[in-house]
Colleague: 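One structure coming up, written as structure tokens, with questions to follow.
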Amino acid sequence: MNIGGGAWLGGQLFSAMVMRRPAELFLNELGVPYEEDPDMPNYVVVKHASLFTSTLLSKVLAFPNVKLFNATCVEDLVTRPGASGSAQDVQIAGVVTNWTLVTLHHDDHSCMDPNTINAPVIISTTGHDGPFGAFCAKRLVSMTTIDKLGGMRGLDMNSAEDAIVKNTREVAKGLIIGGMELSEIDGFNRMGPTFGAMVLSGVKAAEEALRVFEERKRECAE
């Protein structure tokens, strides 16, 4: 795993991080300073991308119910059959994990069995297609829960940022997908080196998780 992905270095090995408004509201909540430029009224700039990422990480890890797993890779999804029993009707019930070095070397060492983490809701924000990117999106296709990926389109930051935030949702029962991984599901445009929608998609994913929990509680009560 790599917490924050390219966010440590502004996504392009530079120090600064560009965020589209209204992501500055989240920066205000975190207490991360930023610069404003009248020539870029729709954006703010965090001078040190690592300051944003480390501040956010420190605040998350301060919660008593958060556990960070170092050098851990998700290899698969845990599933449970739905009422109909069809391949499309499944509930995601957790993840299958292994040490990252083991995952990277499955072809040249003897088998090491994975571990599992069971959870009622999984949030996946692993980015667009790449060595570890869009894993859950691609796995949904390979196990025929969804027919095919929409395929990320070319770079259009304005279109991509709006689409990613608005459409962050529960893609399969128990699995919420956000960020650029969602572009592979829905066929949205590539975003480019701006992080406003990354942040706000994360906020939307958290809100969606709370909604899902409440919905499941009502279903159990009925």
Colleague: Looking at Glu36 and Arg21, does any basic side-chain N land under 4.0 Å from a carboxylate oxygen?
Modeller: yes

Colleague: Run the side chain to side chain contact (heavy atoms under 4.5 Å, CB included) check on Val90 and Lys173 step by step: do they pass?
Modeller: CA-CA 7 Å; Val90 298; Lys173 192 168 185 179; over 6 Å; no

Colleague: Please confirm whether the backbone N or O of Ala49 pairs with a side-chain atom of Thr53, one donor and one acceptor, at under 3.5 Å?
Modeller: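 Yes, the answer is positive, given that a donor and an acceptor are paired below the 3.5 Å cut-off.
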
Colleague: Under a 3.5 Å distance rule, please check whether Glu35 uses its side chain to pair with a backbone N or O of Lys47 as donor and acceptor.
Modeller: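 The answer is no, because no donor-acceptor pair under 3.5 Å joins these two groups.
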
Colleague: I'd like to know whether CG of Asn118 has more than 12 heavy-atom contacts from other residues, nucleotides or ligands below 6.0 angstrom.
Modeller: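 Correct, the count exceeds 12.
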
Colleague: What's the verdict on side chain to side chain contact (heavy atoms under 4.5 Å, CB included) for Glu161 and Met198, showing C-alpha distance, side-chain angles and the deciding distance?
Modeller: CA-CA 8 Å; Glu161 292 220 348; Met198 307 291 193; over 6 Å; no

Colleague: When you compare the side chain of Ile123 with that of Glu208, does any pair of heavy atoms fall below 4.5 Å?
Modeller: no

Colleague: Out of curiosity, does Tyr43 fall in the hydrophobic cluster containing Phe195 (side-chain heavy atoms, cut-off under 4.5 Å, transitive links)?
Modeller: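 No: no chain of side-chain contacts under 4.5 Å links Phe195 to Tyr43.
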
Colleague: I need the full list of salt bridge (Lys or Arg N to Asp or Glu O under 4.0 Å) pairs touching residues 51-79, with sequence neighbours left out, sorted by first then second residue.
Modeller: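 Non-adjacent pairs meeting salt bridge (Lys or Arg N to Asp or Glu O under 4.0 Å): Asp76-Arg139.
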
Colleague: Going by atom types alone, do Thr125 and Glu181 pair a side-chain donor with an acceptor below 3.5 Å?
Modeller: no

Colleague: Please name the pair of heavy atoms, one in Ala137 and one in Ile146, separated by the smallest distance, quoted to 0.1 Å.
Modeller: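 Smallest interatomic distance, heavy atoms only, reads O-CD1, 4.2 Å.
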
Colleague: Shared ILVMFWY cluster between Leu61 and Trp8, side chains joined below 4.5 angstrom?
Modeller: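 Yes, because Leu61 and Trp8 connect within a single hydrophobic cluster, where side-chain heavy atoms sit under 4.5 Å apart.
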
Colleague: Could you tell me if the side chain of Phe188 sits less than 4.5 Å from the side chain of Asn167, heavy atoms only?
Modeller: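 Result yes, sub-4.5 Å side-chain heavy-atom pair found.
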
Colleague: Among the clusters formed by ILVMFWY side chains lying less than 4.5 Å apart, do Ile3 and Val60 turn up in the same one?
Modeller: yes

Colleague: Any side-chain donor-acceptor pair under 3.5 Å between Thr72 and Thr97?
Modeller: no

Colleague: Please say whether more than 12 non-hydrogen atoms of neighbouring residues, nucleotides or ligands are located less than 6.0 Å from CZ in Arg190.
Modeller: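 Open.
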
Colleague: Under a 4.5 Å cut-off applied to non-hydrogen side-chain atoms, are Val45 and Met17 in contact?
Modeller: no

Colleague: Does Ile164 reach the side chain of Lys204, with side-chain heavy atoms less than 4.5 Å apart?
Modeller: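 Not in contact.
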
Colleague: Transitively linked via ILVMFWY side-chain contacts under 4.5 Å: Val44 with Leu25?
Modeller: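 They do not share one cluster, since no chain of ILVMFWY contacts under 4.5 Å joins Val44 to Leu25.
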
Colleague: Going through the distances and angles, do Val171 and Ile176 end up as a side chain to side chain contact (heavy atoms under 4.5 Å, CB included)?
Modeller: CA-CA 6 Å; Val171 172; Ile176 296 168; over 6 Å; no

Colleague: State, to 0.1 Å, how close Gly196 and Ala23 come at their nearest heavy-atom pair, and which atoms those are.
Modeller: CA-CB, 3.7 Å

Colleague: Decide yes or no for Glu24 and Val199: does some side-chain heavy atom of the first lie under 4.5 Å from some side-chain heavy atom of the second?
Modeller: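 Result no, sub-4.5 Å side-chain heavy-atom pair not found.
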
Colleague: Report yes or no: do Ile122 and Val78 belong to one cluster of Ile/Leu/Val/Met/Phe/Trp/Tyr joined by side chain heavy-atom distances under 4.5 Å?
Modeller: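 Different clusters: Ile122 never reaches Val78 through Ile, Leu, Val, Met, Phe, Trp or Tyr contacts under 4.5 Å.
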
Colleague: Using 0.5 Å steps for rounding, measure from the OG1 atom of Thr126 to the CZ atom of Phe135.
Modeller: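 Reported to 0.5 Å precision, the distance equals 8.5 Å.
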
Colleague: Closest approach of Ala172 and Ile92, non-hydrogen atoms and distance?
Modeller: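 Here Ala172 and Ile92 meet closest at CB-CG1, 4.4 Å.
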
Colleague: Given side chains that start at C-beta, do those of Met191 and His128 come closer than 4.5 Å, heavy atoms only?
Modeller: no

Colleague: Strictly distance-based, threshold 3.5 Å: is any side-chain N or O of Asn189 a donor or acceptor partner for the main-chain N or O of Gly154?
Modeller: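 Yes: the side chain of Asn189 pairs with the backbone of Gly154.
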
Colleague: Is a salt bridge present between Glu170 and Arg216, judged by a nitrogen-to-oxygen distance below 4.0 Å?
Modeller: yes

Colleague: If you count every heavy atom of other residues, nucleotides or ligands that lies below 6.0 Å from Asp108 atom CG, does the total exceed 12?
Modeller: yes

Colleague: Do the side chains of Lys166 and Asp186 get close enough for a salt bridge, i.e. N-O under 4.0 angstrom?
Modeller: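 No, this pair does not count.
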
Colleague: Less than 4.5 Å apart, side chain to side chain, heavy atoms only: is that true for Thr79 and Gln91?
Modeller: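 With C-beta onward as the side chain, the pair stays apart.
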
Colleague: For Val32 and Val46, run side chain to side chain contact (heavy atoms under 4.5 Å, CB included): C-alpha distance rounded to whole Å, both residues' side-chain angles, the deciding distance at 0.1 Å, then the answer.
Modeller: CA-CA 8 Å; Val32 174; Val46 177; 4.0 Å; yes

Colleague: Kindly indicate whether the side chain of Leu77, heavy atoms from C-beta on, has any atom under 4.5 Å from the side chain of Cys136.
Modeller: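 Contact flag for Leu77/Cys136 side chains = yes.
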
Colleague: Should we say atom CD of Glu29 is surrounded by more than 12 heavy atoms from elsewhere, each under 6.0 Å from it?
Modeller: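 12 or below, so no.
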
Colleague: For Met112, I'd like to know if atom CE has over 12 heavy atoms of other residues, nucleotides or ligands within 6.0 Å.
Modeller: no

Colleague: Can Lys217 and Glu214 be said to form a salt bridge (Lys or Arg N to Asp or Glu O under 4.0 Å), step by step?
Modeller: CA-CA 5 Å; Lys217 284 197 299 184; Glu214 290 301 316; 3.2 Å; yes

Colleague: If you look at every heavy atom in Trp99 and Asn70, which pair is closest and at what distance?
Modeller: CZ3-O, 3.8 Å

Colleague: If you take all heavy atoms of Ser201 and Thr168, which pair is closest and at what distance?
Modeller: OG-OG1, 2.6 Å

